[in-house]
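What follows is a set of notes on a single structure, which appears directly below.
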Amino acid sequence: MGIIRRTWIRLAGAWAWRRPNGPVRLMAAFSQAERGSSYDVIAALERTERRDLRRTYLFHALDESRHARIFRRRVQALGRQDRAEAALVDAGSLRATGIIGEAPLFEQMGELEFLAFVYVVESLALEQFQVYCDHGMPDPDTIAALRAIADDEKFHISYSRRELEKYRAAGRGAEVRAALFRVRARRIWQAWLRLSRRLGDAVSTLWLWALYLVCVAPFRPLARVEGGGWRTRDADPRPIAEFARAQA
Amino acid sequence: MAAVLGISALYHDAAAALIVDGEVVAAIQEERFTRIKHDPSLPVRATRWCLAQAGIGPDDLDHVVFYEKPLRKFERILHHTVAAFPRGIRGFPRTMRVWLGDKLWTRTLLARELRIPADRILFSEHHLSHAASALLCSPHRDAAVLTIDGVGEHATTALWRGSAAAPFIEPVAEIPFPHSLGLFYSAMTAYLGFAVNEGEYKVMGMAAYGQPRYRDRIDRLLRRDGRGGYELDLDYFCFHWHPDRSYTDKLVDLLGPPRFPGTPFVPEGVDPDAPADLVADSQRYADIAASVQAALEDAVVDLARYARQRIDAPALCLAGGVALNSVANHRLAGEGIFDHLWIQPAAGDAGGALGAALWAWHCVLGHDRGPGLVRYDLGRDFDRPGTAELLGDLQLPFEDVLEDASESGLAERVAEDLAEGRVIGWFDGRCEYGPRALGHRSILADPRSAAMKDRVNARIKYRERFRPFAPSILDAQLDEWVELAPAARDPARYMLATPTVRADRRQQAAAVVHVDGSSRVQAVRAEDHPRYHAVISAFAARTGVPMVLNTSFNLKGDPMVSSPAQAVATFLGTDLDALYVDGFRVGRSKR
């Protein structure tokens, strides 16, 4: 499984790093992901009933926030391209990519599953960074940044593994296994959703283009853009209650 | 009991505001919960918090009021998509997906997510919500109300007549899309290398480094019609049909290449070692920014003169995103067109939630006007025992200054920290409604040294070196320090006016005086914020300078901190020297 995964990371990475503007887009995506993680870990800190974990969560959140800044600096060093920069501050993409969801992960998952999530995701990130570095895909400065970040990821993996072991030792091994399964399954499901969303967008774009050309074109002569300047406006003739209920 | 909830959402700066029995009991942006700056999503968490704050549930709401009319907006978008044929084909799929996916079903969405019957949902108008947020929060009864922003349903600028009796607000005139001062400024923000809806403040700051040498060219883009209105030359703009760009190549031909985001900005006289071509480029962009700012100010003054012609009232209430341009506000106040200027602190789209709720309360339900907005700290707060427990769990060194030394002792301790050059995070009580930190979620520092500005920019906020900081100054001593236009006294309470600092005072507050001698002041009154007023008073007693440097408590790209945990994380992630959370002084600990 490990070999297959590493091969997949290598192949996908080769494409991701070499595509046009690839390094900048990757760094921007990583920066966003780290920002989102930071928010989620702070939310966990605020909501956890395990008071002994709060300090650990705090330092985890600080790591994520620092990583976001490191990746952001790489974006600026590598590209300065306006779209990548805009992606960093684009609230819509944080939502659309699922980095920040409707509710913090901790609220959706609870303590045990959140720890399982940290363990799985950080392990995958560490492996991903190692493959990138081992195969020299990024530039030397980015490799140095990834190696520094990988050291922090080891801390996140070790504390989450330690906590999961505690649950196992307390006789909750089945819950831990189930949580790890759910986390992995959810990642696959979310990857499928992202892919299907892209496919859906592509198909709908074609249909909507056709609609635009066929249905919109005939009305073009009727539509004109108004000039500027003040226009006197009268009050809406409808009774106020009716006006208030109308969406138009 | 009667309760009305206002909602602004699905564009940018989503927010919820709750009125119970005529009193605004809670108002907050969704970004304070989700941590997504300018979060446009339906403010479910903000709504839940507002209801919890009032101790009521969704069933107790008489009405939920959405801040605009979605179908009318959709009609405008369709109209311009057709008018832009065939160029509009690029943006058509994305627009349709957004509208068919969510926005067309706003009533259903609100009913489902907020768990209220659909027949209790009302719809204001975008500019009407802005107008209500300005007029009905103000102390003025008879007033002209100007709302200026990007675009609402069809209008981009609107004039309203405010009166003491029902219907309180009546439409007078409007300027239609795509002729928009807000979108003009946003397009130029993008041209100058900043993010739209985020970097407009930076353009305002950049303008101070330049001279309006490009004014004749900018006047080709934004034409004032001599009758109080304006018009854009649409050959230079494409925001009305392009999904990603807001200006055309013709604008690039006119003004030269746009500025790449992230390019260092080093205008003349700032850094003698900077490369000459970088200095020349920076100066060109500064001059363009100055020209854009001057053109905007002139257009706003024209609008106000038109308002005064149409409405004989001593006060002007201003709202919409353009009303956050504090330089233009002070210029307007100084023109003497109106005796009073009132701007509500959340003048942008977040304020639409409050406006929608107030409009429904007064104009639809027929309740009389109240005293206006009496406080701007309408957001979340946290109990001190919970904060003490959190700090203990985090094993951070902290002391309860409020418990040990009382209110005056707390003020003295903060003043001591500031006077000794420490930069502190200041988290106090309920958070502010709107984009400005007004002493509840602030980073505070000593304003006396210019080096402090560089330190806070570079090592704490991680932002561009050229950006200025604002001071919070004791209201009673405001006139000794700045040349404030009389009509700008109210806007100055909310950091919405930028007067000139008196020449003989500039050296004493070098960190908060911009390169052109201006400063975006917040005039602090004891009745608005007694604890913050006491801190500044204590600092003044120690130093003779009745102000502190005040900037929002966040990092670049983040919303302001909302909770103690977020404050702690921001504190430890920066070079801040100390953190005060509701009277606790927090220090650092080793990992």
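Chain naming here is simple, since letters A, B, ... match the order of the sequence lines and numbering starts at 1 in each. The shown structure was predicted, so the numbers you read here are calculated from the model rather than taken from an experiment.
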Ionic contact status for [Y] with [X], cut-off 4.0 Å:
| X | Y | result |
| --- | --- | --- |
| A:D201 | B:R94 | no |
| A:R55 | B:D393 | no |
| B:E125 | A:R233 | yes |

- prompt: Is it true that the side chains of B:R97 and A:T205 contain a donor and an acceptor less than 3.5 Å apart?
  reply: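 Yes, a side-chain donor-acceptor pair sits under 3.5 Å.
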task: Check whether A:D52 gets within reach of chain B through its side chain, its backbone, both or neither, counting any heavy atom under 4.5 Å.
output: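 For A:D52, there is no contact with chain B at all, as no heavy atom is under 4.5 Å.
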- request: Could you look at A:R224 and say if it's the side chain, the backbone, both or neither that has a heavy atom under 4.5 Å from chain B?
  value: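 A:R224 touches chain B through backbone heavy atoms alone.
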Closest-packed option against chain A by number of heavy-atom pairs under 4.5 Å, given [options]:
| options | result |
| --- | --- |
| B:E174, B:M96, B:E231 | B:E174 |
| B:E153, B:E389, B:H240, B:H80 | B:E389 |
| B:R107, B:E31, B:H179 | B:H179 |
| B:T81, B:D225, B:L232, B:L555 | B:T81 |

Give every donor-acceptor pair under 3.5 Å between a side-chain atom in residues 236-248 of chain A and any protein atom, sequence neighbours left out.
from	atom 1	to	atom 2	distance (Å)
A:D236	OD1	A:R238	N	3.0
A:D236	OD1	A:R238	NE	2.8
A:D236	OD2	A:R238	NH2	3.0
A:R238	NH1	A:A248	O	3.3
A:R238	NH2	A:A248	O	3.2
A:R245	NH1	B:D119	O	2.7

field: Residue part contacting chain A, namely of B:T157, when any heavy atom lies under 4.5 Å
entry: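 Both backbone and side chain.
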- request: Against chain A, label B:L78 side chain, backbone, both or neither, depending on which of its atoms sit under 4.5 Å from a heavy atom there.
  value: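 For B:L78, no heavy atom lies under 4.5 Å from chain A.
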field: Nearest-0.5 Å distance that lies between atom CZ in A:R51 and atom CG in B:L390
entry: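 A:R51 atom CZ to B:L390 atom CG measures 9.5 Å (nearest 0.5 Å).
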message: How long is the straight-line distance from CH2 of A:W230 back to OH of B:Y230, given to the nearest 0.5 Å?
response: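 Nearest 0.5 Å value for the OH-CH2 distance: 7.5 Å.
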message: Has A:R220 got a side-chain atom pairing as donor or acceptor with B:A83's backbone, closer than 3.5 angstrom?
response: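 Yes; judged by distance alone, with no hydrogens or angles, the pair exists.
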